[in-house]
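Proteins come first, then strands; the chains are lettered A, B, ... in the order of their sequence lines, and each starts at number 1. Quick note: numbers below take in every heavy atom, side chains included, and nothing from hydrogens, waters or symmetry partners.
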Amino acid sequence: MGSKESVLPPAAELTDDKLLEMYYAMVRGRRLDERMWVLHRQGKVAFHISGIGHEATQVGAAFTIRQGHDWVYPYYRDIAMVLALGMTPRMLMLGLFGKKEAVSSGGRQMPEHFSYRPSKLVTISSPVGTQIAQAPGTAFASKIKGSDEVTVVCFGEGTTSQGDFHEGLNWASIHKLPVIFLCQNNQYAISEPINVEMAVGHVSDRAKGYNMAGVSVDGNDVLATYDAMREAMARARHGEGPTLVEAITYRPVPHSSDDDDRTYRSREEVEAWKKKDPILNFEKLLYKRGVLDDAKKAEIEAKVMAEVNDATDYAINAPYPAAEEALYPVYGPLPG
Amino acid sequence: MGSKESVLPPAAELTDDKLLEMYYAMVRGRRLDERMWVLHRQGKVAFHISGIGHEATQVGAAFTIRQGHDWVYPYYRDIAMVLALGMTPRMLMLGLFGKKEAVSSGGRQMPEHFSYRPSKLVTISSPVGTQIAQAPGTAFASKIKGSDEVTVVCFGEGTTSQGDFHEGLNWASIHKLPVIFLCQNNQYAISEPINVEMAVGHVSDRAKGYNMAGVSVDGNDVLATYDAMREAMARARHGEGPTLVEAITYRPVPHSSDDDDRTYRSREEVEAWKKKDPILNFEKLLYKRGVLDDAKKAEIEAKVMAEVNDATDYAINAPYPAAEEALYPVYGPLPG
Amino acid sequence: MAVKTIIEAIHDTMLEEMRRDPTIVITGEDIGKRGGVFRATQGFYEEFGPMRVIDSPLSELSIIGIGIGMAINGLHPICEIQFADFIFPAFNQIANEAARIRYRSNGAYTCPMVIRAPYGGGIGGGLYHSQSVEAFFAHVPGLYVLAPSTPYDAKGLLRAALRAPDPVLFLEHKKIYRLVKGEVPAEDYIVPIGKANIVREGEDMTLIAYGLMLHESLKAAEIVSREGISVEIIDLRSLRPLDKETILHSVEKTSKVLIVHEDNLTGGLGAEIGAIIAAEGFENLDAPIRRYAGPDIPAVPFSPPMQDFFMPNAAKIADQIRDLAAY
Amino acid sequence: MAVKTIIEAIHDTMLEEMRRDPTIVITGEDIGKRGGVFRATQGFYEEFGPMRVIDSPLSELSIIGIGIGMAINGLHPICEIQFADFIFPAFNQIANEAARIRYRSNGAYTCPMVIRAPYGGGIGGGLYHSQSVEAFFAHVPGLYVLAPSTPYDAKGLLRAALRAPDPVLFLEHKKIYRLVKGEVPAEDYIVPIGKANIVREGEDMTLIAYGLMLHESLKAAEIVSREGISVEIIDLRSLRPLDKETILHSVEKTSKVLIVHEDNLTGGLGAEIGAIIAAEGFENLDAPIRRYAGPDIPAVPFSPPMQDFFMPNAAKIADQIRDLAAY
Ligand SMILES: Cc1ncc(C[n+]2csc(CCOP(=O)(O)OP(=O)(O)O)c2C)c(N)n1
Ligand SMILES: Cc1ncc(C[n+]2csc(CCOP(=O)(O)OP(=O)(O)O)c2C)c(N)n1
Ligand SMILES: [Mg+2]
Ligand SMILES: [Mg+2]
């Protein structure tokens, strides 16, 4: 869609192995996520918020990020992304159950409130949008230090209505900061369709108010997302400033395990979008290109399911934190 | 500048009397404001924040507003505007001294924190931008009531960096509300020039992110401002939605009586802008058109100075509020 | 008389009030077709349409800002904040703006509005879906802060809030939304703002609570009553203003005080209550004033053992009572 | 030893610290060429350039947001809020974000930053340039809140703040910026966070204050000393955490307490202090705990008679002291 014409898009240069890695990352996100829904239906966990449908966007983006070098402010749907960036299914399952070992917060936060320092995944909260005003600060620090780190920050389209969005993009553009604003536009903020959230046709139109590059891309197409993000990455890495990338996708499941999406949208709409499923799409392409076949697919599924099963068992059997751990760590030690 | 082409701009239809009224309104704002500076220099008042330089913008806008019908959220520089909309020099002088009779707040607020209910001038505070998120609510209420009231809200260009600006414009545009956002761009937020406030060339560019009409106009040209506002008014009045009007002007004086603008801008720059003084400009035009001559000008000056002197004397001699009045009115009476 | 849950009482009261008064409009996230995430506005959109039941963009600052602008222009808005944890982006609009419209305009303008916010923990909500925010707002002159703990009071206080000529923060504890049921008369009545309620009479000490803690305290009082300890319990209902008279009168009788809240101890509402009693009820006191509250950590952790650790409950309150009784 | 004003002490300390530690950057409105509206950063832009002295857009939310993002990435930002009255747009970023980075990530991330905010009344600032905001923030676990009242403490506390591994709100009373002068040693020293200071010894009562009120209280103590009343005065300095030991120890000696602050009475810092003493110092008390504070109106009005009415001062504090002494 909006991304610049070029002779050969970066995705065309991806090796078969890389393509399979991407496919694996998407399937891994999906299956783990599905298992979380199952655990919720079984009454084994109290809450789940899902990234199903967003896998192409997240994996396409993740594969442009230099893991452990670039900074990432994820959001709660970024299951496939954080997995692609070094978190493990066990880590996420431990978080789902609120177990002690859960790396994101040791059970302090609700599930899907990711944090993983080795991959520079920055701790997130629930109030939406706050990270959009923080990420440019991280990018500013990179610039001050003279590092070529790029900061990527994720959020939904509804969240662009928050003041934090405006203020964050304003800073980024004034100082041409190396930051990418990745909006995962699934067309709903819980029940609210995009037309009650904003008056523009595309979220990327919002970039114009900041004299910032803005692109829209089919977020159900992992390679298109990859290309758009690669371009934004190059811009950021070379000091040419921030980009607002809008990946247009859909959430075929309810907002969270607490939601009933039948109250606000038709089954027809949901079914129509399910036909555009990002994993099915990519699978077809890989079959066509001869990168994937039934055997390879079964192998990947088996590998993923083994991981998912392992993570589930591990998390179920893992200990809870002790009650008193609630008391720490509020403050670090003061020197002297 | 940005305003749409039309056969005859509305200002061309203004009668000589109206033009003189406008001129009077501008001179009145200026002379009262200058007196306030003098009173500050004499140590008679503690603080003044000035509208000098903004008179064309404010008067041009005020003359498109149906006084007592439309709602106005002014800002602290709107001395000429609130005078043109029914406040009197006495009211403002009383406010400057913090006297009991001061209609805006009875001395509770600092000077230039306008409020005048008969003219539907809505009470303002000091934290900049809050009114931008409120004005669309007032416009929404007009729409709900089926009234053709329009709401005008004023602010400086620096203030467009606040989240309130973003959220207010977003609401206005989603619901096509009858509200006009009048940005008085004097190119500085205290010491900060526009390039550290935003990355866009014009504040009106910010409208694009909301799919909102945005125009820039020479804010030192009272008739141009009038035309741009008339167009925005028509749009709002006829249910066609909000407009962001940017009036480009300059503040030839320090930010307030507490400021020293020599620390952040050159005298050459200030002097160059003083040559574009909105009152001098308009005067020249009126002379050329034969609407104004030396006698008429002297008459207007005399009338204005009489008002300014009267207001000064009146305010100086007016009583302060009693100390205990500080205790009211925090709450109104509860029914029952 | 109909038996309702708290959320039903709130839903029904808003419905009746909106039918009665055409100036009432409601806005917030997902309050339209979705009927609100807690179903407080179920069916409203269908009955009143999009001009009175307005799905807001995802932006709390302007939910309040828009409400203020509407109130200025003659409407009486109800602004729903989806979770109280998300009220902070609107802090400036509430504390610096809504609460001061009357004062700063010397009475020329007023800002009647009701801000509804589900608050409180014990529901697996973790740090950001469990917060108690009352202390921040009870410190703001110009605001009312109410917190009903029964369906009866929910109706009566909400009706009072909608008749108040100034902004009201109406706090609804999520955990008791459906847990607590009670009789709600069909007729119109008001529970006055600023009046606490003695919900249990007793001799040995005065226990002051509100919201979920009121119910845990009642259970605790029941437990210790079998041990011969008689606890008088005050349901504050109104957190700003506090009902000093009722509090001080009770302390005069019992001479001992236990204040219970779920919010963090330091700077919580118990501080003000304790300080009032230490000043104006001092001569009647027989024992130190006790506060029992959530620990000073950032809200309620998610993991069940840590959540349980955070939340005061009947058993823990009973221990506090025993301890104070033994003083 | 150099005699400095408070604002000079702050200016010089920031300058020294920025020279020492290249990770310190400063951002805020008009802090660059203009040197800050109170001149706290005069000359900084010239010395450190636009990458360490960053004029922010007019947006407090993101001044803090950007600071958090910088802290995450290894810098130690100083964020200046031009007037404390304008800190509320950033409330969410401070209370829900900065203060919780450590806890919510189980220590993986931290957020060392100093938020400087000139606060307080008596300077003709009216409702929105006079506010005391400390009580809101002293209720937030994860934050430190400091309020020096002398040039010596300004330096020592600011140096402590810049060494703290967590966010610090550093409140500077505007009225004493230039009014109060004192000796400031050139050498490095730290005034520890969490330690109050007994600035005057006395026998008849303990008076607890901070900021401008500390100085008014000292004058008041001087006045009543001529009448034979001996007042012990504690300068809190650290508002979160409070120095309970020093407070309780003093109350043990004097048996009477007067807490003075300029912020509104209800829910002000005096509430927490009063409640602590009523709980833990109860047995030593000989009289009701007194709070003397600003009235419950929205901050300090502009007009001189109303401003004077609002502000506690030496004469009024002396009356309170006499009254309590006579109890
Ligand atoms: C400040 C704030 N307000 C409200 C909520 C409740 N809430 C959680 S997610 C959500 C919708 C977010 O929509 P969008 O940004 O489009 O992201 P999506 O969930 O669709 O991916 C809302 C309203 C919140 N978390 N934070
Ligand atoms: C929220 C907030 N932050 C800071 C200030 C201090 N302040 C007062 S006016 C001003 C500059 C405003 O600039 P602009 O919006 O361009 O309006 P102008 O004064 O130039 O007309 C600032 C920073 C304030 N009043 N409110
Ligand atoms: Mg969405
Ligand atoms: Mg300006």
Side-chain angles (χ1 to χ4, degrees), chain A residues 127-134 136 139-140 155 157-177 179 181 183 189 192-216 235 239-244 246, chain B residues 127-134 136 139-140 155 157-177 179 181 183 189 192-216 235 239-244 246:
Chain A
V128 299
T130 51
Q131 75 276 23
I132 310 175
Q134 295 162 8
F140 211 140
F155 48 89
E157 84 294 340
T159 296
T160 66
S161 300
Q162 291 282 357
D164 306 65
F165 171 83
H166 176 61
E167 300 196 14
L169 267 72
N170 198 39
W171 270 88
S173 212
I174 292 169
H175 294 281
K176 278 188 164 270
L177 299 177
V179 54
F181 300 94
C183 177
E192 299 194 18
I194 192 153
N195 66 306
V196 298
E197 302 171 37
M198 65 192 79
V200 287
H202 284 107
V203 172
S204 59
D205 293 340
R206 294 219 191 265
K208 294 177 194 161
Y210 309 95
N211 192 23
M212 184 187 293
V215 298
S216 296
R235 191 175 292 125
E240 292 157 29
T243 308
L244 173 60
E246 172 191 25
Chain B
V128 299
T130 52
Q131 74 277 23
I132 310 176
Q134 295 162 7
F140 210 140
F155 48 89
E157 84 295 338
T159 297
T160 67
S161 300
Q162 291 282 356
D164 305 67
F165 171 84
H166 176 63
E167 300 196 15
L169 267 72
N170 197 38
W171 271 86
S173 211
I174 291 169
H175 294 282
K176 277 187 165 274
L177 299 176
V179 55
F181 299 94
C183 178
E192 298 195 18
I194 191 152
N195 67 305
V196 299
E197 301 171 37
M198 65 192 80
V200 287
H202 284 108
V203 172
S204 61
D205 293 340
R206 294 221 192 261
K208 296 178 191 161
Y210 310 95
N211 193 24
M212 184 187 292
V215 298
S216 295
R235 191 175 291 127
E240 291 157 31
T243 308
L244 173 60
E246 172 190 25

Identify which of B:I174, B:N211, B:T160 forms the greatest number of heavy-atom pairs closer than 4.5 Å to chain A.
-> B:I174
Just how far is it from atom CG of A:D164 to atom CD of B:E167, taken to the nearest 0.5 Å?
-> 8.0 Å
Do side-chain atoms of A:D205 reach the backbone of B:Y210 as a donor and acceptor pair under 3.5 angstrom?
-> no
Nearest heavy atoms of A:N170 and B:S161, plus distance in Å = ND2-OG, 3.1 Å
With the side chain counted from C-beta on, respond yes when B:R206 and A:K208 share a heavy-atom pair under 4.5 Å apart, and no when they do not.
-> no
Which atoms of A:Q162 come close to chain B, meaning under 4.5 Å heavy atom to heavy atom: side chain ones, backbone ones, both, or neither?
-> both
